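Shown next, in C-alpha cells, is the structure this report addresses.
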Amino acid sequence: MPALQRILLKLSGEALMGDEAFGIHRGTIERIVAEVAEVAHLGVQVAIVIGGGNLFRGVAGGAVGMDRATADYMGMLATVMNALALGDALERAGVRARVMSAIAIDQVVEPYVRPKALQYLEEGKVVVFAAGTGNPFFTTDTAAALRGAEIGAQLVLKATKVDGVYTADPKKDPSARRYQRISFDEAMVRQLQVMDATAFALCRDQNLPVRVFSIFKPGALKRVVMGEDEGTLVHV
Ligand SMILES: Nc1ncnc2c1ncn2[C@@H]1O[C@H](COP(=O)(O)OP(=O)(O)OP(=O)(O)O)[C@@H](O)[C@H]1O
Ligand SMILES: O=c1ccn([C@@H]2O[C@H](COP(=O)(O)O)[C@@H](O)[C@H]2O)c(=O)[nH]1
C-alpha cells in the first residue's frame, strides 16, 4: 500500500537532458515516465511541475543583457515545451495525462484552473503543470510549492540530479555530506541552494514537507511513495 495518496512531483528540466548538453533525451524521458507510470498505477494521484533548465533559464548567460521579466517569460515558455513532451510521453506509455498552463496559450495547452486540476487528479489522470507560477522572478521550485499547497498534496517530491540535500553543493564540493532530514529554517539559514528560499518558505508556512531525491536512481520515486527512507526529508 502506498504511504501517500496525492503527491506533487517537481522534475528538474535538466534531468530530461540525459547525457546531452541541452534539450530532451528520448530514452531519459521514457525512463522517467515509466517510473511515474508505476506509482500512478498504484493509485497514487500524481501532479507534476516540470522545470525548464534544459532549454532556457532567465538568469543564464543567454539572457544576459535582456530585460529580466522578458527572459523569465522565455523560461516559462521553455517549461511549456517540456510539459508538452512529458504529457505526450505519458500518454504513449498508457498513462492518461493532462497539461495545464499558468500562461494562456489557448491553441496549444489548456489553462490552469484549480477545480479542473483536482477533478483530473480524482479521475486518476496525471496532471502536468506548465509555465511555473505564470509570473517572472519566480522558479518552478516555487511553482511546485504553490501547486502542491493548492491541490493539497501530502508531499512535494523534488526529483533532481543529486540524491538529497547536502552540506554544500555536492557537484562542487566532494566532501559535502548528505542530510537524512533537515528543517526548512536550517536549510534557509545555511543557504543550501538545492531549492530556492521562496519555495522553502512557502512549504514551511503551509506545513508541506519536501523530499529531495535522485531521479537517476531506479525505483527511488516508488520508494518515496511507499514511505521508505530515500534522499532527504525537509520538514517544519
Ligand atoms: N546543498 C545542496 N545540496 C544538494 N544539491 C545542491 C546543493 N546546493 C546546490 N545544489 C545543486 O542544486 C541542484 C538542484 O537543482 P535542479 O537541478 O533540480 O534545478 P532546478 O532549477 O530545480 O531544475 P531545472 O534543471 O529545471 O532548472 C543540484 O543539481 C545540485 O547540484
Ligand atoms: O514561476 C516561474 C517559473 C519559471 N520562471 C522562469 O523559467 C526558468 C526555468 O525554470 P527553472 O525553475 O529554472 O527550471 C526560470 O529560470 C525563470 O526564468 C519564471 O520566471 N517564473
Side-chain angles (χ1 to χ4, degrees), residues 8-18 20-25 28-29 32 48-64 66-83 85-86 101-103 112 128-148 150 156-182 184 186-200 202-203 210-217 231-234:
L8 188 296
L9 174 65
K10 161 69 207 304
L11 271 180
S12 150
E14 284 186 19
L16 301 183
M17 301 189 310
E20 311 291 336
F22 68 95
I24 299 169
H25 180 251
T28 302
I29 195 169
I32 292 172
I48 302 177
V49 167
I50 180 84
N54 56 321
L55 301 176
F56 193 85
R57 210 185 284 281
V59 289
V64 169
M66 280 188 71
D67 169 61
R68 168 69 192 267
T70 304
D72 281 343
Y73 279 114
M74 290 171 71
M76 286 183 264
L77 293 177
T79 75
V80 175
M81 290 196 271
N82 280 337
L86 188 61
S101 173
I103 292 178
Y112 170 65
V128 183
F129 294 126
T133 63
N135 298 291
F137 307 105
F138 288 96
T139 66
T140 52
D141 280 344
T142 302
L146 178 65
R147 297 286 182 251
E150 281 189 90
V156 169
L157 288 76
K158 167 137 174 141
T160 183
K161 298 175 294 266
V162 294
D163 63 352
V165 182
Y166 282 75
T167 48
D169 187 345
K171 295 213 161 153
K172 295 179 185 154
D173 180 355
S175 69
R177 284 171 296 103
R178 183 168 65 83
Y179 294 96
Q180 197 168 16
R181 43 191 294 144
I182 184 170
F184 288 113
E186 193 177 349
M188 284 188 280
V189 166
R190 292 183 181 276
Q191 300 191 339
L192 302 177
Q193 302 291 322
V194 65
M195 215 165 166
D196 64 83
T198 312
F200 274 147
L202 183 51
C203 287
V210 176
R211 194 170 276 277
V212 180
F213 68 102
S214 170
I215 192 61
F216 297 125
K217 190 171 167 188
T232 300
L233 180 69
V234 192

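Just so you know, ligand 1 is whichever comes first in the structure, and atom 1 is the first atom listed for that ligand. On a predicted model such as this, the values are computed, not experimentally measured, just so you know. We number each residue from 1, following the sequence as shown.
- For Gly164, the closest heavy-atom approach to ligand 1 falls below 4.0 Å.
- Taking a 4.0 Å cut-off on heavy atoms, Arg57 registers as neighbouring ligand 1.
- In terms of protein heavy-atom proximity, atom 11 (P) of ligand 2 is nearest to Thr140 OG1, 3.4 Å.
- Heavy-atom distances between Lys10 and ligand 1 reach below 4.0 Å in at least one pair.
- In this structure, Tyr73 does not count as a contact residue of ligand 2, since none of its heavy atoms falls inside 4.0 Å of the ligand.
- Listed by number with element, the atoms of ligand 1 under 4.0 Å from a non-hydrogen atom of Tyr166 are 1 (N), 2 (C), 3 (N), 4 (C).
- Comparing Leu192, Ile215, Val162 by heavy-atom distance to atom 5 (N) of ligand 1, the nearest is Val162.
- Of all atoms in ligand 2, listed by their number and element, those nearer than 4.0 Å to a heavy atom of Gly51 are 14 (O).
- In this structure, Gly13 has no heavy atom closer than 4.0 Å to ligand 2.
- Ligand 1 lies within reach of Val165, whose nearest heavy atom is under 4.0 Å from it.
- Residue contact annotation: Val59 has no non-hydrogen atom under 4.0 Å from ligand 2.
- Here the protein heavy atom with the shortest distance to atom 3 (C) of ligand 2 is Thr139 C, 3.4 Å.
- Ligand 1 has at least one atom lying under 4.0 Å from a heavy atom of Lys158.
- Ligand-side atoms of ligand 2 in range of Gly53: 14 (O), range being under 4.0 angstrom from any heavy atom.
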